[in-house]
Amino acid sequence: MNTDIENLFKDKVIGHPAGLFVLFFTEMWERFSFYGMRILLVLFLTAPLIGDNPGWEWPREHALALIGTYASLLYLTPIVGGWVADKITGYKWAVVIGCFIMMLGHASMVFETQFTLYLGLALLVIGTGFFKPNVTSMISEMYKGKESKKDGAYTIFYMGVNAGAFFGMMLCGYLAENIGWSWGFGLAGIFMFLGMLQFWLAKDLFGSIGEKPSKVYEVELAQNINEVSPTEQNSSEEKLNPFTGLDKILIILSALGGVLYLFNDPMSKVGDINILDFKIGSMDGSNVTILTALVLFLYLVISRISRYTKIIRDKIIAVAIFGIFTVFFFAAFEQSLGSMTIFARDYTGRTLAGSSAMIFKIIDLILTVGPLAIITWVLYLLFKKTYSKIPFSNIILGLAFVTLWGIVIWKVNREFSADATEVGASWFGILNSFFIITLAPLFSKWWESKYNPSAAMKYGLGLILLGLGFGVLVIGTMGIEQGAKTASVSMFFLIFAYLFHTMGELCISPVGLSYLSKLVPGRMIGFMFGIWYLAIAIGQKAAGTMGGMIDKITEEHSLSTFFLIFTLVPIAVGLISIVLNPLLKKLMHGVK
């Protein structure tokens, strides 16, 4: 394995192995397809049945409930996909399998029938489970023994994530809103297919890295993440707390209860089939199931934590508190997928003419061509280093970029030929990725300086910034009448909201998993990562449920009241995090 790692490091691109950039582009195309489809879904489901580009005219409540269920499942299947790769397939084949299943999912959605829509979403959930945990695991395995370069590697990889999201939302959204929904869904599938081929044809470049399941994966992962010696990993504290048979049964039962509850959601399920058609007293089957699953899960967590020594217990409790804050964060942040997208379409003035239209066209041109040119340059550097080793992979990658450039040129020409411009509702989704790319270096410098805040302060700041973003929307919607279904609010309110939300995300998203890896003992790493993804899944589902209340709250009160809820709750939770800073520092026992 060490020989394969050394071979990878012989061919460097921007100081890193060429293999990192194969994974970079694989992730970029996967995120292109994922975010490209995701931004369309709520627009397609809620679009009118009659018009130039008809949708399904679902009630917003139902559409957002489905989005919440889909998004939450995306954070649960990687727990299973990571286990399958570790025990059976290896990371490399898990990535290929995930890409193939996701490609079928995108292809299914092109047909725009209820059956193919649900089939497509199911395939995307399954495929993501295989892909998401294992492409990052390959990077971790590539950099064994070279941990000092790992932070830089993940930074580069994260840029691929955001580049894919950026172009996916921009181009899939543009085609879907201006040509037809199937074109947007189809484009997502095409680039998923090209991403799969590019990775599969380059797999030999990695040698045995990611090829075979590792029997000591848990121990190695714990050592890599926590940077502790094998002696420390095998301490008596760890040996006293193995997973018992009861622990495993409780994990299965609580997970099964949660999945059944999600599938039985009356707002997002297929048809009227009730798989939990029973009552206990006045409580229906769905509520009985989720409450039972919650009780079993809490007993599992409390019983496991109680078996550790006090210091380890304290650290795990700190992680659990951060997990609760994470639920609140994502419940509000993921309104970008639902209610904020609806706000962009129905309540934002997006029609521009004259000089305003020209200014937007120029800005859009710079935003599109600039990043694409930079990434194309990276492709050129990769080609120079690997043209003889993985020629067919490079040909596929080149074909993907030629296609991408062709769509971009067509889009730019079409926009500049038009007298007036209507900014697509999906266009606003790219702002998050754009602000991450531009602001991430500044926040990284801040975290490395002597002014680096504690974990609780970062969480507090992130939640407050998130709330302030919604506060901007509260101000922008004050003039909208109660119960109004449309309006024409300046798009600057939405732009500034995304700016504040992105700054909040940069305070929280990179922090959570980092502190989890530092605080949790080796035997609990996999389990706690699962809990962390569960917290995000709960936040995602809550985001869909709460976002679905937009019509009810707007009719009974106002749109400003709807956004005011998302202003006050995150700010309140953020202040709680700041107040708890001394306690959390104590629970973390010096971990920074």
Side-chain angles (χ1 to χ4, degrees), residues 21-41 44 74 95-111 120-121 123-128 130-132 135 157-203 367-369 371-376 378-379 382-383 390 392-412 424 426-427 429-430 433:
F21 292 90
V22 171
L23 297 176
F24 171 98
F25 285 114
T26 305
E27 178 73 11
M28 176 179 160
W29 298 132
E30 189 275 333
R31 292 291 90 180
F32 180 103
S33 64
F34 172 75
Y35 280 100
M37 183 285 297
R38 198 178 84 149
I39 196 69
L40 302 182
L41 193 54
F44 166 67
L74 287 173
V95 170
V96 174
I97 292 168
C99 287
F100 181 73
I101 294 173
M102 286 187 287
M103 178 198 70
L104 294 179
H106 288 298
S108 178
M109 296 181 75
V110 170
F111 297 99
L121 292 178
L123 291 171
L124 288 171
V125 167
I126 295 167
T128 300
F130 277 97
F131 183 92
K132 190 177 180 69
V135 69
F157 184 74
Y158 194 50
M159 295 294 282
V161 170
N162 284 285
F166 182 88
F167 288 112
M169 286 186 283
M170 175 179 283
L171 299 179
C172 292
Y174 186 85
L175 282 177
E177 290 190 84
N178 290 277
I179 307 299
W181 302 111
S182 293
W183 288 84
F185 292 135
L187 186 66
I190 288 169
F191 280 102
M192 188 71 262
F193 173 68
L194 293 174
M196 177 189 68
L197 277 184
Q198 172 251 329
F199 177 80
W200 184 70
L201 292 170
K203 66 183 186 301
L367 286 178
T368 307
V369 174
L372 185 55
I374 293 171
I375 296 173
T376 303
V378 174
L379 170 64
L382 176 65
F383 180 79
I390 49 171
F392 296 110
S393 175
N394 284 326
I395 289 171
I396 294 297
L397 195 53
L399 176 63
F401 268 80
V402 168
T403 305
L404 192 60
W405 272 106
I407 296 170
V408 165
I409 292 169
W410 168 80
K411 171 184 176 290
V412 169
S426 60
W427 181 87
I430 73 170
S433 294

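Note that these values count all heavy atoms, side chains included, but never hydrogens, waters or copies made by symmetry.
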Mind listing the closest non-hydrogen atom pair of [X] and [Y] along with its distance?
X	Y	value
Val125	Leu74	CA-CD2, 3.9 Å
Gly189	His106	CA-CB, 3.4 Å
Gly184	Leu175	N-CB, 4.3 Å
Cys172	Ala188	SG-N, 3.8 Å
Met169	Ser433	CE-OG, 4.0 Å
Ile390	Ala202	CG2-CA, 3.7 Å

Task: Ser33 (side chain) donor-acceptor with Met192 (main chain) under 3.5 angstrom - done: no
Task: Check: Val22 main-chain N/O paired with Thr26 side-chain donor or acceptor under 3.5 Å - done: yes
TODO: Quick one: do Leu23 and Phe199 satisfy side chain to side chain contact (heavy atoms under 4.5 Å, CB included)? Show the steps, please.
DONE: CA-CA 7 Å; Leu23 297 176; Phe199 177 80; 3.6 Å; yes
Is the closest side-chain heavy-atom distance between [X] and [Y] below 4.5 Å?
X	Y	answer
Phe167	Pro371	yes
Val412	Val408	yes
Leu124	Met109	yes
Leu171	Lys411	yes
Leu404	Trp29	yes
Ile97	Phe131	no
Tyr35	Phe166	no
Phe130	Val96	no

- [ ] State yes or no: are the ring centers of Phe401 and Phe25 separated by less than 6.0 Å?
- [x] yes
Task: Within the 6.0 Å centroid threshold, strictly below: Phe191 and Phe32 - done: yes
TODO: Evaluate the criterion side chain to side chain contact (heavy atoms under 4.5 Å, CB included) for residue pair Met28 and Ile375; output intermediate values, then yes/no.
DONE: CA-CA 10 Å; Met28 176 179 160; Ile375 296 173; 4.0 Å; yes
Roughly how far, to the nearest 0.5 Å, is [atom2] of [Y] from [atom1] of [X]?
X	Y	atom1	atom2	answer
Tyr174	Thr368	OH	OG1	10.5 Å
Ser426	Leu41	OG	CG	13.0 Å
Leu201	Met196	CG	CE	9.0 Å
Asn394	Leu399	CG	CG	12.5 Å
Met37	Leu187	CE	CG	13.0 Å
Thr403	Ile190	OG1	CD1	8.0 Å

Open item on the list: More than 12 heavy atoms of other residues, nucleotides or ligands under 6.0 Å from CH2 of Trp200: yes or no?
Closed with: no
TODO: Step through the shown structure and confirm whether more than 12 heavy atoms of other residues, nucleotides or ligands are within 6.0 Å of CZ on Phe193.
DONE: no
TODO: State which residues pass side-chain hydrogen bond (donor to acceptor under 3.5 Å, both in side chains) with Thr376; sequence neighbours excluded, sorted by chain then number.
DONE: Trp405
Task: Check against side chain to side chain contact (heavy atoms under 4.5 Å, CB included), Leu123 and Met102 - done: CA-CA 6 Å; Leu123 291 171; Met102 286 187 287; over 6 Å; no
Open item on the list: Check whether Phe34 forms a cation-pi arrangement with Arg31 (NZ or CZ under 6.0 Å from the six-membered ring centre, at most 45° off the ring normal).
Closed with: yes
